[in-house]
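For clarity, every value in this text was computed on a predicted model and none was experimentally measured. Residue numbers begin at 1 in each chain, while the letters A, B, ... track the order of the sequences.
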Amino acid sequence: MSAPSSQPASVGPMRRIAAAMEAGITARTALAEHTGLDPEMVDAVLDRMVQLGMVSAETLGGACADGGCGGCSARAVCGGAPGADAPARRGPVLLTLRRLPPGR
Amino acid sequence: MAALTPSCHEAHEQRTAPAGAPVIAFIGAPNVGKSTLFNRLTGAGRQMGNWPGTSVETGRGTWSLSDRELDAIDFPGAYSLDPTSPDEAFTRELILEVPSAQRPDALVVVAGASSLARSLYLLAQVRELPYRVVVALTMNDLAAQRGQAVDTEILSEHLDCPVVAVDPRRGTGIAELTRTVAETLASPVPAARRDGPAGPDDFSAADERFAWLQQALDQAVTTPGRRHVSRSERIDSLLLHPLLGPVIFLAVMWAVFQLTTTVAAPLQDGLDALFQGPLAAAALAGLTAVGLDHPLITGLVINGLIGGVGTVLTFIPLMAIMFALLALLEDSGYMARAAVVTDRVMRLIGLPGKAFLPLIVGFGCNVPAISATRVLGDARQRLMTVLLIPFTSCSARLTVYVMLAQTFFPGSAGTVVFAMYVISILLIVLAGLALKHTLWRTMGQGALVMDLPTYQLPTPRLVAQVTWMRLKGFLHTAGGIIVVVVAVIWLLQALPAPGATDPGPIGAIAPEDSLYAALSGLLAPLFTPAGFGAWPLVGALVTGFLAKEAVIASWAQTYQVADPSAQSATAQGTSDLATQLQLSFAEASGGHPVLAVAAFMVFLLAYTPCVATLGAQLREVGWRWTLAGLIGQLLLAWLLAVAVFQGGLLVTGLIGA
């Protein structure tokens, strides 16, 4: 199911993806290519990392602070503001890697 | 919760199977067909409702085998036994936390064949517990459509539990599942797949589970030799290429500004005709008819208010085209790729990718961009972004670039405007690097992944809506500012400078004898090294300190000519104002107007955007950093302008020699 990877076999999918993110890989497809994992496995691992609090996920449009949209003429249609017409999926999702506190 | 929630074996109104019947729990991720399978197996006798003592909805029914009946429970969807929702907490409690005797007798883990890694994570956790487990594999047809084939025997061998392919809608595999569950119930409870926890911490445990799953899936799942590469992925391989990506991004932005400056030209001609002709004439006729044709009043109304409002309205084609083009790029999915491309630059200066958002907003207007820095959690990153935003070239500056580019660089105006945006990006990067290596050497940064949307044809309605909203916002802001600034400049120009000899009557004072000229003239010598130390040019920069939208309107008043914003881009280059500006820049620079105007445009880009931006900075980072930023911007802008002019003189001198 997965292509050969440069990572040793003893390294699990989650460690491989965390290492790739730290190395600056910036897209899910690129993560799959870099780690040799199936894209579906990448998605599952990223979801798990979000759940563990290792990765925070947010849509760019949705990340606008309340006050930030106050003066923005596009706030009603940017996809992030409450009641926006545009679907939030249009915007990119940022997944930011965090270090877990020891013992978690 | 454990003490309040009845276990699976306790009798309550939902149960339909006879007392003492073995309890089978159906668990699995949401949307894998678990409830469809449960309904298929339990038929009409099932009961739906909240589990007693909870608000979690479950299903319960009797599953009839050939020789006995089973008490089947449909648990809510759960991805794992680590709860992030009440549904998952419920599953964890009844599967893991209750005493062994109260747990279900067997588990049917329902997993989707098309999303095995995601839906089998729960199984990996369940297999760490002493349970009889059967995997019901659904959605096999969807996996087959993608060219995936799952060998249930090999999968069963690696997962160390029976795996049965089922299609609950068509009823295939149901008999085999029934038989397998019956056999499993008759077997002793198998040992957990490992002794002790899966790892010393949550991360290691999750990594071990995925590694275990990966090993099984590698053996059991066959995929087509070549993975299907989607159209979006093929396009991304080009647009996100480390080298080509930035080049394409710059080319796209160049095309946007080129189209903006050329396509807007004929549209502006129409508005030009309207404002310079019928509207101005009608206003003058109206004032004359009511006896208000005094120069003081006609100056304010025709040159000031109609000229000022006309300036705002004639920006419409220019701004509408640019906003529409940017909206097209956003809706097509390209702007998300631009975020990836620019993220590399963000990393270079030590900012997280999230900082892209306020900086991009800044290219529209700096004021909301500064408010948008609140998305950044780290106070130092927020402060740094607030200090960098004024270098993003806002749309108000665009109008001045266009006018000056058409006047001094005819034929390559679009390229010159594009160059200003490139300089803007360079300023952000250089200022960011300077801050990173001086004030914030220890600032950390997070890695990020972009989940990119699929490319799509832009939706006309959405593009039109975004364009209109942005245009309306621009007109609303710019309209108010221009009218006020025009009125103030008119007043300053209507009053004589102290000590002016024979300036003429109030309202008809020669521009060079006005209070406005005197005040601007105080600052003019500072800009002599930059090649534009003349009061009409510096006066526009003072006006621009209040708001960049009013720069051209203030020139029009200063030179007392028609505001050329109402003319086509080409016509602007040959307007009366253009001629006056060419003379002013040539005179101030000692015969080097092109170098002087280049220095002027760089100064315009780098110095304080407007007082509203200062107000926003004050609100976000306090007066000390606002003042530091203000001084830094003015100093940098002056140094750059002087460098452009003096450097240009040096180069032209060397070439001449």
Side-chain angles (χ1 to χ4, degrees), chain A residues 1-2 11-15 18 21-31 37-41 43-49 51-52 54-55 57-58 60 63-78 85-86 89-98 100 102-104, chain B residues 79-80 82 84 115-118 121 201-203 206-208 210-211 213-214 217-218 221-223 233 236 240 330-331 333 336 339-340 343-344 347 352-354 356-358 361 364-365 367-368 371-375 446-453 462 465-466 469-474 476:
Chain A
M1 191 177 184
S2 60
V11 178
M14 196 174 262
R15 288 192 198 283
M21 287 175 74
E22 283 181 344
I25 307 293
T26 56
R28 288 190 188 217
T29 46
L31 277 175
L37 295 167
D38 189 88
E40 198 259 316
M41 175 63 83
D43 285 346
V45 171
L46 284 176
D47 285 350
R48 196 78 212 131
M49 289 168 85
Q51 220 174 16
L52 284 174
M54 277 191 71
V55 160
E58 55 187 296
L60 269 180
C64 294
D66 292 339
C69 283
C72 179
S73 56
R75 66 188 180 279
V77 287
C78 77
D85 291 343
R89 64 178 172 76
R90 290 277 169 78
V93 175
L94 293 185
L95 297 176
T96 309
L97 187 62
R98 289 176 180 157
L100 277 176
R104 265 206 65 185
Chain B
Y79 289 106
S80 73
D82 305 320
T84 56
S115 56
L116 278 172
R118 189 176 268 139
Y121 186 83
D201 51 45
D202 287 350
F203 177 77
D207 192 43
E208 189 277 339
F210 278 119
L213 285 176
Q214 181 67 33
L217 298 180
D218 276 348
V221 180
T222 49
T223 49
E233 285 177 281
D236 278 347
L240 297 182
E330 282 172 23
D331 201 30
V340 175
D343 173 60
R344 296 187 186 116
R347 284 170 178 281
K354 251 195 312 193
F356 166 80
L357 174 72
V361 172
C365 177
V367 178
S371 300
T373 57
R374 291 177 204 169
V375 299
L448 76 92
V449 172
M450 296 280 183
D451 184 11
L452 297 168
L462 194 64
Q465 202 176 1
V466 170
M469 292 300 290
R470 289 180 180 163
L471 194 61
K472 201 167 70 169
F474 175 82
H476 181 74

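- Residue A/Met49 holds its CE atom at 9.5 Å from CG of B/Asp207, rounded to the nearest 0.5 Å.
- Evaluation of the side-chain contact (heavy atoms from CB on, under 4.5 Å) rule for A/Asp47 yields B/Arg118 as partners, not counting sequence neighbours.
- Contact of B/Tyr121 with chain A is made through the side chain alone, with heavy-atom distances under 4.5 Å.
- The two residues A/Glu40 and B/Ala117 come nearest to each other via the heavy atoms OE1-N, 3.1 Å.
- Rounding to the nearest 0.5 angstrom, the gap separating the CE atom in A/Met41 from the CG atom in B/Leu213 is 5.5 Å.
- Residues forming a ring pair (Phe, Tyr, Trp, His ring centres under 6.0 Å) with B/Tyr79 (at least two apart in sequence, or on another chain): none.
- When atom types are taken as modelled, the side chain of B/Gln214 and the backbone of A/Gly12 share no donor-acceptor pair closer than 3.5 angstrom.
- Note: A/Asp38 CG to B/Leu217 CG = 8.5 Å, rounded to the nearest 0.5 Å.
- A/Arg15 CZ to B/Phe203 CZ: the interatomic distance, rounded to the nearest 0.5 Å, is 4.5 Å.
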